[in-house]
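Computed from a prediction, not measured in an experiment: that's the story for all the values here. Position 1 is the first residue of the sequence; numbering continues from there.
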Amino acid sequence: ANQYQIEFSQAEKEYLRQIARQTWRYYDDFVGPQTNWLPPDNYQEALTVEIAQRTSPTNVGLWLLTCAAAGDFGWLPIDEILGRTRATLGTLDEMEKFEGHLLNWYDSLTLAPLQPRYVSTVDSGNLLASLWTLSQSIKELSDAPLFAPSALTGLLDVLGLLENALGSDSKALSGPKPCRPISTAS
């Protein structure tokens, strides 16, 4: 074992997977053709419920990485990852740029740049790093079996969220409990 490697308990792993699944749900709920396949900057539930329909290169990069992570976790098949990625990259091609660089903020519904118009080297670097990581992740996913053990683990994640949402009514989910953990021998 590496001295920098952290070993998590099974309960910690399940907790982290649930947080990751809820994070993926944010993107899955708010990114689609209605937003030109661009993620919103944020969503507010307090005071006024609204989606900030603006996006940046960093937001786009994180959206693309969540697609890859959703594949790793077994929540999204490779064809969906590729379809969503292509749709987002197609939108990026249509967006106004300055000397080939994306501007920092765009309206995600109209694709119009927001004022003030500027290029952020930090956001551009974040997008570049995300695209490089996405490329590596897609290569790995394309070599994986179509129905990997992660797909079953992904279903268990959804079941866990459902049980949490039902609370004391989770007894309504009758039948045998899924076995944990599923071996994902590498």
Side-chain angles (χ1 to χ4, degrees), residues 4-6 8 13 15-45 49-144 148 150-151 153-154 157-158 161:
Y4 301 107
Q5 189 173 356
I6 298 172
F8 293 103
K13 289 177 186 176
Y15 173 75
L16 290 171
R17 287 187 68 92
Q18 292 297 302
I19 296 298
R21 183 62 177 85
Q22 290 169 333
T23 302
W24 165 244
R25 177 149 184 227
Y26 167 87
Y27 286 100
D28 197 34
D29 284 351
F30 294 127
V31 181
Q34 73 281 6
T35 64
N36 292 298
W37 293 98
L38 298 174
D41 185 55
N42 62 71
Y43 169 72
Q44 293 180 258
E45 291 183 344
V49 176
E50 66 180 322
I51 300 170
Q53 294 294 356
R54 64 181 173 274
T55 198
S56 69
T58 294
N59 292 343
V60 172
L62 288 176
W63 151 246
L64 293 170
L65 291 179
T66 62
C67 286
D72 287 339
F73 279 110
W75 307 323
L76 200 62
I78 187 73
D79 61 325
E80 280 288 318
I81 296 166
L82 295 175
R84 292 171 190 220
T85 298
R86 281 188 192 115
T88 299
L89 294 176
T91 297
L92 294 181
D93 282 344
E94 296 174 26
M95 295 164 72
E96 182 180 328
K97 297 169 188 70
F98 176 77
E99 295 183 5
H101 296 276
L102 287 170
L103 300 170
N104 202 59
W105 291 106
Y106 294 88
D107 181 303
S108 58
L109 301 178
T110 67
L111 305 183
L114 300 177
Q115 298 292 332
R117 294 173 180 224
Y118 63 96
V119 173
S120 166
T121 55
V122 170
D123 281 84
S124 295
N126 288 342
L127 178 60
L128 178 63
S130 295
L131 290 171
W132 183 85
T133 305
L134 175 71
S135 170
Q136 298 305 309
S137 188
I138 288 175
K139 286 177 188 172
E140 290 176 17
L141 285 169
S142 66
D143 292 336
S150 62
T153 308
D157 294 334
V158 173
L161 285 176

Practice prompt. Go through the steps to decide whether V119 and L103 satisfy the test side-chain contact (heavy atoms from CB on, under 4.5 Å), and finish with yes or no.
Written response: CA-CA 5 Å; V119 173; L103 300 170; 4.0 Å; yes

Practice prompt. Measure across D107 and T110 and return the closest heavy-atom pair with its distance rounded to 0.1 Å.
Written response: OD1-N, 2.9 Å

Inter-residue atom distance [X].[atom1] - [Y].[atom2], 0.5 Å rounding:
| X | Y | atom1 | atom2 | value |
| --- | --- | --- | --- | --- |
| K13 | T153 | NZ | OG1 | 11.0 Å |
| L161 | R25 | CG | CZ | 8.5 Å |
| K97 | L92 | NZ | CG | 7.0 Å |
| W105 | T55 | CH2 | OG1 | 7.0 Å |
| D123 | Y118 | CG | OH | 7.0 Å |
| T91 | W37 | OG1 | CH2 | 9.5 Å |

Go through the structure and list residues passing ring-ring contact (aromatic ring centres under 6.0 Å, His included) with [X], not counting sequence neighbours.
| X | value |
| --- | --- |
| F98 | none |
| Y26 | F30 |
| F73 | W75 |

Cut-off 3.5 Å, no hydrogens considered: what does the side-chain donor-acceptor table look like for residues 127-137, sequence neighbours left out?
from	atom 1	to	atom 2	distance (Å)
S130	OG	N126	O	2.9
T133	OG1	A129	O	2.9

With sequence neighbours left out, what residues match [X] under salt bridge (Lys or Arg N to Asp or Glu O under 4.0 Å)?
| X | value |
| --- | --- |
| D28 | R84 |
| R86 | none |
| D93 | none |

By side chain to side chain donor-acceptor pair (under 3.5 Å) - contacts of [X] (at least two apart):
| X | value |
| --- | --- |
| T35 | none |
| R117 | E96 |
| W63 | T88 |
| R21 | none |

Worksheet entry | Donor + acceptor pair across side chains of S56, N104 (<3.5 Å) | no

Practice prompt. Using modelled atom types only, decide if a donor and an acceptor are shared between the side chain of N36 and the backbone of S108 within a distance under 3.5 Å.
Written response: yes

Discussion item. Taking I51's backbone N and O only, do any of them form a donor-acceptor pair with Q44's side chain (distance below 3.5 Å, no angle check)?
Written reply: no

Worksheet entry | Over 12 non-hydrogen atoms of neighbours within 6.0 angstrom of CD1 in I19 | yes

Could you tell me if the side chain of [Y] sits less than 4.5 Å from the side chain of [X], heavy atoms only?
| X | Y | answer |
| --- | --- | --- |
| Y106 | L114 | no |
| L38 | L111 | yes |
| P40 | V31 | yes |

Worksheet item: With sequence neighbours left out, which residue pairs that include part of residues 32-45 fulfil the salt bridge (Lys or Arg N to Asp or Glu O under 4.0 Å) condition?
Response: D41-R54

